[in-house]
Amino acid sequence: MPRDRFGREINYLRISVIDHCNLRCVYCMPLRGLTFIPSPELLTAAEIETVARAAVACGFRKFRLTGGEPTLRPDIVEITRRIAGVPGVSDLAMTTNAILLPRLARPLAEAGLRRLNVHVDTLHPERLKKLMRFGTIEEIEAGIAAAESAGLRPIKINCVVTRDYNDADVVDLARRARERGWHVRFIELMPLGGGETAHVALSQYVPSQETRARIEAALGRLVEAPSANPSDEARNFRFAEGEGVVGFISPVSEPYCGTCNRMRLTADGRFHLCLLHDDELDVRAALRGGGGVPEVAAILERAIGQKPTGHRLDEGISTEERSMFQLGG
Ligand code: SAM
């Protein structure tokens with residue numbers, strides 16, 4: 001197992017396949033002034049497969065496709081098939097806004113995708129428009145239904161709690177989790193990127209404790225359900241009665257860097273060592289200079305060796321100069 005210099009086992013690779021998105025969530029992407037990575041600079045499906053093979057050679061077992069919005073990549077099914085086909089890949093998941101899943105859920109499942117995290121900040125149509133800007137709750141629900149009928153279970157729902165936008169709606173989402181047996185995770189807003197998105201994150205932050213208190217006041221006591229996975233970033237709870245799981249991901253109020261097991265690959269081929277640091281190691285140059293699995297594995301070993309101890313969001317450090325498109329949670 002690959003361990004970093006702090007003794008953490010690093011075995012989970014999050015692969016961003018594209019930086020475009022069909023939504024513009026207020027805390028993630030501004031409406032104007034964006035420049036995207038030109039297509040020739042994106043890693044190809046074959047290059048991503050080489051990175052996955054190198055990661056497996058280094059002991060990685062878990063992989064997640066993300067973005068931007070990963071379903072916007074025209075060859076997303078091929079990318080999925082290539083990674084799922086690498087011997088040693090035990091888990092392949094995707095984080096998506098689900099809008100394109102009515103068309104893609106089945107081909108993705110057939111290509112070897114196992115699980116999905118779907119991003120839904122609110123079930124309320126008007127507030128969804130204000131927060132996620134494009135897309136409708138009907139489209140997202142159709143995507144979730146398509147994923148469920150394609151067998152992509154369990155589906156986890158990601159909800160980023162943003163004051164004055166959706167903080168009052170967490171109860172409806174938790175209630176829906178109880179009715180449908182969903183696993184909804186409420187995520188604390190992180191100040192990623194710069195400009196208006198970081199400003200929103202800093203001013204509209206809601207601590208998980210407040211979100212949990214709001215849910216318990218409306219729906220009754222939550223009972224902690226410890227995760228079997230020590231690297232699970234969420235603290236999970238069940239309802240005293242009924243189905244469903246409610247999780248709280250608290251990178252600001254309760255950072256979990258000590259159990260971080262991740263490495264990130266950017267869409268243009270750099271290992272990004274920590275979500276909240278700028279450090280990156282280029283892998284595309286090695287791939288395009290004729291390098292294969294051994295060369296990429298050597299870069300990945302170096303990246304693991306240089307992984308920082310963690311971020312300091314709890315001390316109010318923001319990521320002002322970071323690119324905002326590396327998130328992929
Ligand atoms: N487009 C996909 C989506 O919407 O889920 C994948 C990429 S998106 C950047 C990955 C996840 O990051 C989202 O599901 C959302 O929960 C989370 N996210 C985005 N911006 C965030 C922020 N500023 N703080 C906390 N979580 C954030």
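Atoms within a ligand are numbered from 1 in the order they appear, just like the ligands themselves.
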One finds that the ligand 1 atoms under 4.0 Å from a non-hydrogen atom of Met190 are 22 (C), 23 (N), 24 (N), 25 (C)

Do any nitrogen or oxygen atoms of Thr66 lie less than 3.5 angstrom from nitrogen or oxygen atoms of ligand 1? no

Of all the atoms in ligand 1, which lie at a distance below 4.0 Å from a heavy atom belonging to Leu192? 22 (C), 23 (N)

Taking everything shown except Gln209 itself, do over 12 heavy atoms lie less than 6.0 Å from its CD? no

Does a donor on one side chain sit under 3.5 Å from an acceptor on the other, for Ser253 and Glu188? yes

Interfacing atoms of ligand 1 (cut-off 4.0 Å, heavy-atom, Ile187): 16 (O), 25 (C), 26 (N)

For Tyr27, the atoms of ligand 1 under 4.0 Å from one of its heavy atoms are 19 (C), 20 (N), 21 (C), 22 (C), 23 (N)

Just which atoms of ligand 1 are under 4.0 Å from any heavy atom in Glu69? 1 (N), 2 (C)

Please report whether ligand 1 has a polar contact with Gly68, defined as an N or O pair separated by less than 3.5 Å (distance criterion only). yes

Could you check, using the six-membered ring where one of them is a Trp, whether Tyr165 and Tyr27 have ring centers closer than 6.0 angstrom? no

Partners of His20 by ring-ring contact (aromatic ring centres under 6.0 Å, His included), sequence neighbours excluded? Phe36

Counting both backbone and side chain atoms, is some N or O of Cys28 under 3.5 Å from an N or O of ligand 1? no

Could you tell me if Arg127 and Asn166 have a donor-acceptor pair between their side chains, going purely by distance under 3.5 Å? no

Contact region, Thr95 to ligand 1, non-hydrogen atoms below 4.0 Å, reads both

Taken in chain and number order and not counting sequence neighbours, the residues that satisfy salt bridge (charged side-chain N to carboxylate O under 4.0 Å, His left out) with Arg238 are none

Taking Arg180 first and then Glu148, would you say they form a salt bridge - that is, a charged N and a carboxylate O separated by under 4.0 Å? no

